[in-house]
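Here is the structure we will look at.
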Protein chains: 2
Amino acid sequence: MTASPAPEPIRLRRSAGDRRAQLVQIGLELLPTTPVQELTIDEVARRAGISRSLLFHYFATKREYYTAVTRAAADLLWEHLLPRPGTPRDELVPGMLDRYVGWVETFRDTHLAFVRGAAGGDPWVSEVYEETRARLVDVALEALDLPDDARRRQVVLAWFAFTEDLVGQWTREPTMSRAELLTLLRDVLDRLTT
Amino acid sequence: MTASPAPEPIRLRRSAGDRRAQLVQIGLELLPTTPVQELTIDEVARRAGISRSLLFHYFATKREYYTAVTRAAADLLWEHLLPRPGTPRDELVPGMLDRYVGWVETFRDTHLAFVRGAAGGDPWVSEVYEETRARLVDVALEALDLPDDARRRQVVLAWFAFTEDLVGQWTREPTMSRAELLTLLRDVLDRLTT
DNA sequence: GTAGCTTGTTGAGCGTTGCTCAGCAAGCCG
DNA sequence: CGGCTTGCTGAGCAACGCTCAACAAGCTAC
């Protein structure tokens, strides 16, 4: 009975770059349903149609893998928030804020998973998150034409936490109009930085 | 060579309540060094001088265990923050804020571990955290004599996030005096609630 | 075409960890 | 002393992260 060989998908040999990208992509897709650190190698390998061992060929350790996934998520956010060059100065921050709210509205689960994983224990993941926050402070202070001292940075970072929390809650239960939300956030930032 | 029996600590039989309390206490002690979810049953059992199996006698699952640990941490914070009865109304919030900063100053690592574990993925742990935040909003709104509507609750919760983040950063690198910090936090809350 | 090299890929297997289960034994009561 | 409750243990299973030796796909050289 060797008649009909099982219709297995033809084994595909991919380039290193392709495979890596595919694995990270799978991680991103799994992100909204599973905390990053709880991704199992088995599950990811199964979805990619490869053996567990191969994943360890590309990522020496599980942590290295989900750090890469987190970094990919951070990069997506970063690219979406960055203002297009040529934007007038006083539109920079409002624009980023508006795009941030849009991002959370669209990718709520993924974004929450990103933030949670980042805030959660793992130092490697936190580092990616902190790095992104730091870059955002750079852009914000530059856009607002404010001097860059330690105290102001702390306050702006804390305002990020405020924004993240409020926008997160607001997408779950909108207690005000979108415009009101944006204005409120904007006002708080103004008060804090002047 | 059965001469000198090893000086094992005499096996001790404890009451159910004692044992439970001891295990939670060990969890609290481990909290600052290890994210809650990464506590290993082996380690906890070893420290308690009991077998792995016994831990599962008291906590059906690992998650149940570290949720209990988290709840214990939350209760400690809660008791420390609660104002003593008889405090004049306009001292309530400033007092809680002052005690909160003191708490973070004293138990920085444990508190950060608590917040991180809480913000991080696990729904059971998050629930404990959210519950505590909700109770704190109740107290704050009551103390400030403000009506309790959904929008205000969201803003106050977001202000918690702001406070948590800023105080956390400040204990790491004090960019202003303690008094300035308290005034800043107080002012932001005032602006947000009026 | 085939020999040989590079490198994507796999299967078997090891150690740790969460969790189960049958049964031992400490202390109390009759 | 016999029996009961219940704190407690050891052996062992399944899942998961990770290792390692070896296979095989696809390219180049002759």
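Here is the naming used below: chain letters follow the sequence lines, and residue numbers restart at 1 for every chain.
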Please give, in whole Å, the distance from [N] [atom2] to [X] [atom1]?
X: B:E38; N: D:dC16; atom1: CD; atom2: P; answer: 17 Å
X: A:L55; N: C:dT10; atom1: CG; atom2: C1'; answer: 14 Å
X: B:I50; N: D:dG10; atom1: CD1; atom2: C1'; answer: 14 Å
X: B:D42; N: C:dG15; atom1: CG; atom2: C1'; answer: 12 Å
X: A:F59; N: C:dG8; atom1: CZ; atom2: C1'; answer: 15 Å
X: B:R14; N: D:dT9; atom1: CZ; atom2: C1'; answer: 17 Å
X: A:R46; N: D:dG17; atom1: CZ; atom2: P; answer: 14 Å

ask   = Does the pair A:R46/A:D42 count as a salt bridge with the N-to-O cut at 4.0 Å?
value = no
ask   = Under 4.0 Å between a Lys/Arg side-chain N and an Asp/Glu carboxylate O for B:E29 and B:R47?
value = no
key: side-chain contact (heavy atoms from CB on, under 4.5 Å) between B:F160 and B:V156, worked out   = CA-CA 6 Å; B:F160 284 173; B:V156 174; 4.0 Å; yes
Just the atom pairs and distances: protein N or O near nucleotides 5-7 of chain C's N or O, under 3.5 Å.
unit_1	atom_1	unit_2	atom_2	d
C:dT7	O2	A:R13	NH2	2.9

ask   = Does the A:W159 side chain pair with the main chain of A:L185, one donor and one acceptor, at a distance under 3.5 Å?
value = yes
key: Any donor-acceptor pair under 3.5 Å from B:R52 side chain to B:A45 backbone   = no
note = Residues of residues 17-24 of chain B with a heavy atom under 4.0 Å from any atom of DNA chain D, listed by number, are B:R19
What protein N or O atoms touch nucleotides 18-22 of chain D N or O atoms at under 3.5 angstrom, if any, and at what distances?
unit_1	atom_1	unit_2	atom_2	d
D:dC18	OP1	A:T61	OG1	3.0
D:dC18	OP2	A:K62	N	2.5

Within 6.0 angstrom of B:W124 CH2, more than 12 heavy atoms from elsewhere = no
inquiry  = Does A:E127 have more than 12 heavy atoms from other residues, nucleotides or ligands lying within 6.0 Å of its CD?
reply    = no
Side-chain donor-acceptor pairs under 3.5 Å in residues 32-40 of chain B, sequence neighbours left out?
unit_1	atom_1	unit_2	atom_2	d
B:T33	OG1	B:L30	O	2.9
B:T40	OG1	B:E43	N	3.0

query = Among A:T175, A:L184, A:V101, which residue meets the side-chain contact (heavy atoms from CB on, under 4.5 Å) test with A:L166?
reply = A:L184
remark   = Residues at least two apart in sequence or cross-chain that pass ring pair (Phe, Tyr, Trp, His ring centres under 6.0 Å) with B:H80, listed by chain then number, are B:W103
task = Let me know, please, whether B:L54 or A:T40 comes out on the 5' side of the other along DNA chain D by nearest nucleotide.
result = B:L54
task = Kindly state each residue pair satisfying side chain to side chain donor-acceptor pair (under 3.5 Å) with at least one member in residues 55-64 of chain A, sequence neighbours excluded.
result = none
query = Does A:Y65 put a side-chain nitrogen or oxygen below 4.0 Å from OP1 or OP2 of D:dG17?
reply = no
